[in-house]
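Below is one structure, written out as C-alpha cells, with a few remarks after it.
Quick note on labels: first sequence line is chain A, next is B, and so on, each numbered from 1.
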2 protein chains.
Amino acid sequence: MSVDTAHRTLHNRVLAALGPAIAAGEYRPGHVFTLERLERDFGVSRTVAREAVRVLESMRLVVSRPRTGVRVTPAEDWSVYDPQLIRWRLAGPGRGAQLRSLTELRAAVEPPAAAAAARRAAPEHRARLMELNRSMAATGAAGDLDAFLRLDVEFHRLILELSGNEMFRGLAGVVAEVLAGRTEYDLMPQHPRPEALRLHAHVASAVCDGLPDVAQAAMRAIVDEVVTALEHVDPPGGTDPWHLPATALGTTGPG
Amino acid sequence: MSVDTAHRTLHNRVLAALGPAIAAGEYRPGHVFTLERLERDFGVSRTVAREAVRVLESMRLVVSRPRTGVRVTPAEDWSVYDPQLIRWRLAGPGRGAQLRSLTELRAAVEPPAAAAAARRAAPEHRARLMELNRSMAATGAAGDLDAFLRLDVEFHRLILELSGNEMFRGLAGVVAEVLAGRTEYDLMPQHPRPEALRLHAHVASAVCDGLPDVAQAAMRAIVDEVVTALEHVDPPGGTDPWHLPATALGTTGPG
DNA sequence: TCCCCGACAATAGTGATATCAATACGTGCG
DNA sequence: CGCACGTATTGATATCACTATTGTCGGGGA
C-alpha cells in the first residue's frame, strides 16, 4: 500500500533499517546505541535520529536514558500488537514463530467475532457476506488464487468489522497478513477445498440469519482446521513449517 | 507504576496532554494542528512538539504532512492495541466502551490461552498456579479485596504467560486493566463468589494435569459469566454500566 | 461560457547545526 | 562504606535552509 509514505521521511527510513534489525534480534537485549552512533551510521542529524528513537521507544523496543544511551529492551517487553513491529517480524527470521502465534490468535478471536457479527451486524451489511462467499466460490473454481486470496481476506475482515468490537476489528490487518503468509508459503492448494468453502458459506448464512452459535461453530471449524494442520506439521520445537516445501506439509483449505 | 518515567521527558508531557484529548474525541477527525500551534500551546520547542507528533503518528492517531499540518485520523484507523492508547481511553469518557470491548477480547483469548498453557507450560511453572489459587481462596475469605485483585490479576497473567504464545501474553496488561476496572467500579462482591473460585481452581488443576479441554472449558465458564453479566446489565445502546452504582448491576465473581 | 489543466507561489512540515542544560553512572576520595 | 564530583550522553532550544503539497490563478480548449 503506502510504501512511499512509509519512507517519505528520513526518520522513517532510519526506522525501516533499525526496527527490523532489533525485531530480528540482531541486537541483544541490553545492547546500547548512542545517538551519535546512529547519526554517523545513518548519516542523519540528531533531530532525525531522536525521532526514530522516540518511535522505537513508543513500541518499547528500546529505552532511552541520559548518560546511558539507547538500550535495547528484552523481547518480552515489546508491544507485540504494534502493526509495524508485526510487519518487521514477519519480514525477518522470526516470521515462522510470528505467523504461528498470530494464527493461534486468529483461532481464538474469529469464532467469537463471527458470533458477535451474527448478533449485532446491521442488516444492510450482512448480505455483503453472502455476496463475497459467492465470489469466493466462483474465483476458487476458476483457480485464480490471487483474486481468491483477496476475497478471502475481505471475507474475514468483514466478519471482524461486523462484530462491532473495535478490538476484533483491529485484528483485520493481522488476519490479512496471516492469510497472505499462508498462500505465500504454498500452504494453500491450487483449488480451495470444497469443505472449507462450505464452512465459509455456513458462516455467511449464519451471520445473515442471526445465528451466533452456528456462526461461531462454523468459524471455529475453519480456524481449528488451520491450527491443527499447523501443529501437525510442526511439533513443538520442530523445524519451521513456513520454510518447508508445500508438498511436505499437506495443503489445507482457505481460512 | 512508572508515572515518573512516563513524564520524565517534555515530549511525554505533551503526549500525556494531547493523546488523551484526541483519544477522547475532543478533536474531530480531520482536525488540524500546526506544529507552531503546539509549540505555543504547550510552551515547548519545535523539536519536542515534533517528537510528540511522531509518537502520535506511530499509533496512527494523526498524520503529519507538509503544507497541511498534523491531521487527526478517524478513530477506526487507530492502533487500538497500543497500550498507551488503551490507557488513555480507559482514563476518558470512552472508558465504558473500551472496557466492554476489552472484556470481549478477554473472553475470546483466555480460554484458548488456558488450553495452550495446559498443553505447553513447563512443569516447574504449573505448581505456581495452584499456589496462587490457594492464596486467592484465603484472601477472598478474609475479605481483602485489594490483595485478592492482585492475586486474580497474577493468576490470569500467569495463564497468558504459560500459554507460550507471545500474542496471548501481550494481553496480560489489558486483562489487568479490565480486572482493575471491574473492581474499581464495584462490579465485584465483597467476597468472591465460591463458584467463581472453584472455576479458577479447576483451571489451575487442569493446567497442572495437562488437560487442555478441561482448562479451556473452565476458563470459558469464568469469562462467559463476566460477559453475560455485562450484556445483561447493558443492552446494546443502553447506558454505561461502569457508571452505575453496583447495586443496580448485580455483582459477579472474580474473573 | 464553462471546464480542465498547467504553472506558480504561499505555507507548513522536514532536516541540519550549534549550543546549553540536565542527568545519571562511575570513580575516587574521605 | 558512603558521598561528592567529573564526565559522558541524552534532553531541550533556537535558527537556518530545503522540500513537498496544495490552492490559486490564468490560459486554452470544448
Side-chain angles (χ1 to χ4, degrees), chain A residues 1-19 22 27-74 77 84, chain B residues 1-19 22 27-74 77 84:
Chain A
M1 64 166 69
S2 50
V3 170
D4 43 331
T5 58
H7 288 222
R8 232 186 69 262
T9 59
L10 244 194
H11 88 269
N12 268 322
R13 255 172 292 181
V14 174
L15 223 47
L18 211 49
I22 297 176
Y27 302 95
R28 287 272 165 76
H31 178 91
V32 173
F33 300 97
T34 67
L35 280 180
E36 196 194 343
R37 181 71 190 278
L38 295 178
E39 294 173 41
R40 278 199 300 107
D41 286 1
F42 292 100
V44 297
S45 71
R46 191 180 183 75
T47 313
V48 171
R50 280 184 55 179
E51 283 174 7
V53 167
R54 287 287 168 263
V55 175
L56 291 175
E57 207 174 15
S58 87
M59 6 184 159
R60 312 188 65 141
L61 261 62
V62 301
V63 291
S64 175
R65 295 168 65 83
R67 167 71 200 191
T68 308
V70 179
R71 188 185 299 267
V72 175
T73 309
D77 291 342
Q84 204 162 24
Chain B
M1 56 169 70
S2 51
V3 170
D4 44 332
T5 58
H7 288 219
R8 234 186 64 259
T9 58
L10 246 192
H11 86 268
N12 269 322
R13 256 172 291 181
V14 174
L15 221 46
L18 253 187
I22 298 175
Y27 301 96
R28 287 271 166 76
H31 179 91
V32 174
F33 301 97
T34 67
L35 282 179
E36 198 192 341
R37 181 70 190 277
L38 295 177
E39 294 173 43
R40 279 197 301 106
D41 286 0
F42 292 99
V44 297
S45 71
R46 198 172 186 76
T47 312
V48 170
R50 282 180 54 180
E51 284 172 6
V53 167
R54 287 287 170 259
V55 175
L56 291 175
E57 205 174 18
S58 87
M59 14 185 155
R60 312 188 65 141
L61 261 63
V62 302
V63 290
S64 175
R65 295 169 65 84
R67 169 71 199 192
T68 308
V70 178
R71 187 184 299 267
V72 175
T73 309
D77 291 343
Q84 204 162 25

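- Side-chain contact between B:L18 and B:F33: present, with at least one pair of heavy atoms (C-beta onward) separated by less than 4.5 Å.
- Annotation for B:V14 and B:A52: closest pair CG1-CB, 3.8 Å, computed over non-hydrogen atoms.
- Ring pair B:H31/B:Y27 is tilted by interplanar angle, where 30° to 60° counts as tilted.
- B:E51 has its side chain out of reach of B:T9: every pair of non-hydrogen atoms, C-beta onward, lies at least 4.5 Å apart.
- Atom CD in B:E51 sits about 15 Å away from atom C1' in C:dG13, given to the nearest Å.
- Residues B:S64 and A:R8 form no side-chain contact, since every pair of their non-hydrogen atoms from C-beta on lies 4.5 Å or further apart.
- The distance from atom CG of A:L10 to atom C1' of C:dG13 is 13 Å, rounded to the nearest whole Å.
- Atom CG in B:L35 sits roughly 13 Å away from atom C1' in C:dT11 (whole-Å rounding).
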Would B:L38 and B:V53 count as a side chain to side chain contact (heavy atoms under 4.5 Å, CB included) here? Give the steps.
CA-CA 10 Å; B:L38 295 177; B:V53 167; 3.7 Å; yes
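- At a threshold of 4.5 Å between non-hydrogen side-chain atoms, the residues A:N12 and A:H7 do not count as touching.
- A:R54 comes within 4.0 angstrom of the backbone, heavy atoms only, and of no base.
- Take A:D41 and apply the side chain to side chain donor-acceptor pair (under 3.5 Å) test, not counting sequence neighbours, and it matches A:R37.
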Write out a two-atom table: protein N or O, nucleotide N or O from nucleotides 22-28 of chain C, distance below 3.5 Å.
unit_1, atom_1, unit_2, atom_2, d
C:dC25, OP1, A:T68, OG1, 3.1

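- The side chain to side chain donor-acceptor pair (under 3.5 Å) test applied to B:E57 returns B:R54, not counting sequence neighbours.
- Partners of A:R67 according to the salt bridge (Lys or Arg N to Asp or Glu O under 4.0 Å) rule, which considers only residues two or more places apart in sequence or in another chain, do not exist here.
- Bounding nucleotides for the chain A contact on DNA chain D, 5' to 3', at a heavy-atom distance below 4.0 Å, are D:dT7 to D:dT21.
- Less than 4.0 Å separates DNA chain C from at least one heavy atom of each of the following residues of residues 39-50 of chain B: B:R46, B:R50.
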